Visitor: 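What follows is a structure written as structure tokens; I'll ask about it next.
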Amino acid sequence: ASVVRASLMGALTVLAQFWGRKSDGVQALLVSGALMVALNPLILLWDIGFQLSFLSTLGLLILLPRWEHIFAPLGPFAGEALSVTLSATVFTTPLILYDFARFSLISPLANIIFLPLVPFIMATSFFGLVVSFIFPPFSLLFTGLTWILTMLLTQGVHLFANIPFASVQVSEFSFWMLVLSYGLLALFLTVHKPRRGRGSVLCPVQASGSLSTVK
């Protein structure tokens, strides 16, 4: 679901630029989500991947501009990774508590370390695909780099997930607590208007790269 959502958002952004219109990340997300639900209404209630992808992207679009300047002193990688992690975590934590009854304590640190690998994985896989049409043997260089980076990412996430007390079990988080959590979040965002960041559109790759929802 996250790949489909990111692809639709990317396509809508390109179409908006092609037609000379200003792109808006939240609008692109809402339209993408509406299209996916129209094709398969069941994902709205039963597809946890769609729900987490939608909420995490919404969190990035709304909260990331607020926090980027706060964590900027940590550096371009750590500051960006922490901003992305917290933005996605705020929006997805209530749903994770409701569906899985667990809360991750290690995700901020894991994101700071491993999230910077995601753009390189995307880039090497893209160039590997392009080069495979031009000179197939040379594409092995890029696909090999993709494999190495992907192994570092997946093994690193599994390693951190196996650390004792990396996550804690939550005894009970009812549906009404879920509704209350998002109601309070909506109220907070309504009272405290979001600040404008560097742009109104979030890169679909960045939006699908957060590891904060990895269990």
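Please read all numbers here as calculations on a predicted model, not as lab measurements. No hydrogens, no waters, no symmetry mates; every other heavy atom, side chains included, goes into these values.
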Visitor: Which value, rounded to the nearest 0.5 Å, describes the distance between Leu15 atom CG and Leu8 atom CG?
Guide: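 Separation between the atoms: 10.5 Å.
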Visitor: Nearest 0.5 Å, what's the CG-CG distance between Leu180 and Leu185?
Guide: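 The distance works out to 11.0 Å.
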Visitor: Shortest non-hydrogen contact from Tyr182 to Leu55?
Guide: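 Smallest interatomic distance, heavy atoms only, reads OH-CD1, 3.2 Å.
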Visitor: With a 3.5 Å distance limit and no angle check, can you tell me whether Tyr98 reaches the backbone of Trp176 through a side-chain donor-acceptor pair?
Guide: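 Side chain of Tyr98 to backbone of Trp176: no pair is present.
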Visitor: How close do Val84 and Leu60 get, heavy atom to heavy atom, and via which atoms?
Guide: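 Looking at all heavy atoms of both residues, the closest pair is O-CD2, 3.4 Å.
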Visitor: Within the 4.5 Å heavy-atom criterion, are Ile96 and Thr89 side-chain neighbours or not?
Guide: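 No, their side chains stay 4.5 Å or more apart.
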Visitor: How close do Ala161 and Ala166 get, counting heavy atoms only, and between which atoms?
Guide: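 Looking at all heavy atoms of both residues, the closest pair is O-CB, 3.9 Å.
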Visitor: Is there a chain of hydrophobic side chains (I, L, V, M, F, W, Y, each step under 4.5 Å between heavy atoms) that links Val118 to Phe142?
Guide: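 Hydrophobic grouping puts Val118 apart from Phe142.
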Visitor: Tell me whether Met151 shares a hydrophobic cluster with Ile113, the cluster being built from Ile, Leu, Val, Met, Phe, Trp, Tyr side chains joined at under 4.5 Å.
Guide: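 Yes; tracing contacts between hydrophobic side chains, which count when under 4.5 Å, links both residues.
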Visitor: Which heavy atom of Gly49 sits nearest to which heavy atom of Ala1, and what is that distance?
Guide: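 Reported closest heavy-atom pair: C-CB, 4.0 Å.
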Visitor: Between Ser32 and Leu12, what is the shortest heavy-atom contact and its length?
Guide: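 Between these two residues, the closest heavy atoms are OG-CD1, 3.5 Å.
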Visitor: Establish whether Leu95 and Phe175 are linked, either directly or via other cluster members, by ILVMFWY side-chain heavy-atom contacts under 4.5 Å.
Guide: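 Yes; Phe175 is reachable from Leu95 via cluster members.
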Visitor: At what distance, to the nearest 0.5 angstrom, does CD1 of Ile106 lie from CZ of Phe160?
Guide: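 Reported value, rounded in 0.5 Å steps: 6.0 Å.
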Visitor: Go through the steps for Phe50 and Val4 under the test side-chain contact (heavy atoms from CB on, under 4.5 Å), then give the verdict.
Guide: CA-CA 9 Å; Phe50 169 78; Val4 175; over 6 Å; no
Visitor: What orientation do Phe135 and Phe138 show, parallel under 30°, tilted 30 to 60°, or perpendicular over 60°?
Guide: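 Because their plane-to-plane angle lies in the 30° to 60° range, the rings of Phe135 and Phe138 count as tilted.
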Visitor: Taking the side chain as every heavy atom from C-beta outward, state whether Leu97 and Thr93 have any pair of such atoms under 4.5 Å apart.
Guide: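 Leu97 reaches Thr93 side chain to side chain.
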Visitor: Are Met177 and Leu184 co-members of a hydrophobic cluster defined by side-chain heavy atoms under 4.5 Å apart?
Guide: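 Not linked; separate clusters.
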Visitor: Answer yes or no: is there a side-chain heavy-atom contact under 4.5 Å between Leu63 and Leu189?
Guide: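 Yes, their side chains come closer than 4.5 Å.
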Visitor: Any idea which heavy atoms bring Ile43 and Gln51 closest together, and the distance?
Guide: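 Nearest heavy atoms, Ile43 then Gln51: O-NE2, 4.0 Å.
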Visitor: State the OG1-CG distance between Thr57 and Leu52, to the nearest 0.5 angstrom.
Guide: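 Thr57 atom OG1 to Leu52 atom CG measures 10.0 Å (nearest 0.5 Å).
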Visitor: Mind checking the CZ-CG spacing from Phe114 to Leu109? Nearest 0.5 Å is all I need.
Guide: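 Spacing of CZ (Phe114) from CG (Leu109) equals 8.0 Å.
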Visitor: Is any side-chain heavy atom of Leu105 closer than 4.5 Å to one of Val168?
Guide: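 Yes. Closest side-chain heavy atoms under 4.5 Å.
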Visitor: Quick check on the hydrophobic clustering: are Leu39 and Phe54 connected, directly or via other members, by side-chain heavy-atom contacts under 4.5 Å?
Guide: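 Hydrophobic grouping puts Leu39 apart from Phe54.
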Visitor: What distance separates Leu117 CG from Met122 CE, expressed to the nearest 0.5 Å?
Guide: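 Interatomic distance, Leu117 CG to Met122 CE, rounded to 0.5 Å: 13.5 Å.
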Visitor: Of Thr150, Thr143, Thr146, which is the lone residue that meets side-chain hydrogen bond (donor to acceptor under 3.5 Å, both in side chains) with Thr124?
Guide: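 Exactly one option meets the side-chain hydrogen bond (donor to acceptor under 3.5 Å, both in side chains) with Thr124, and it is Thr146.
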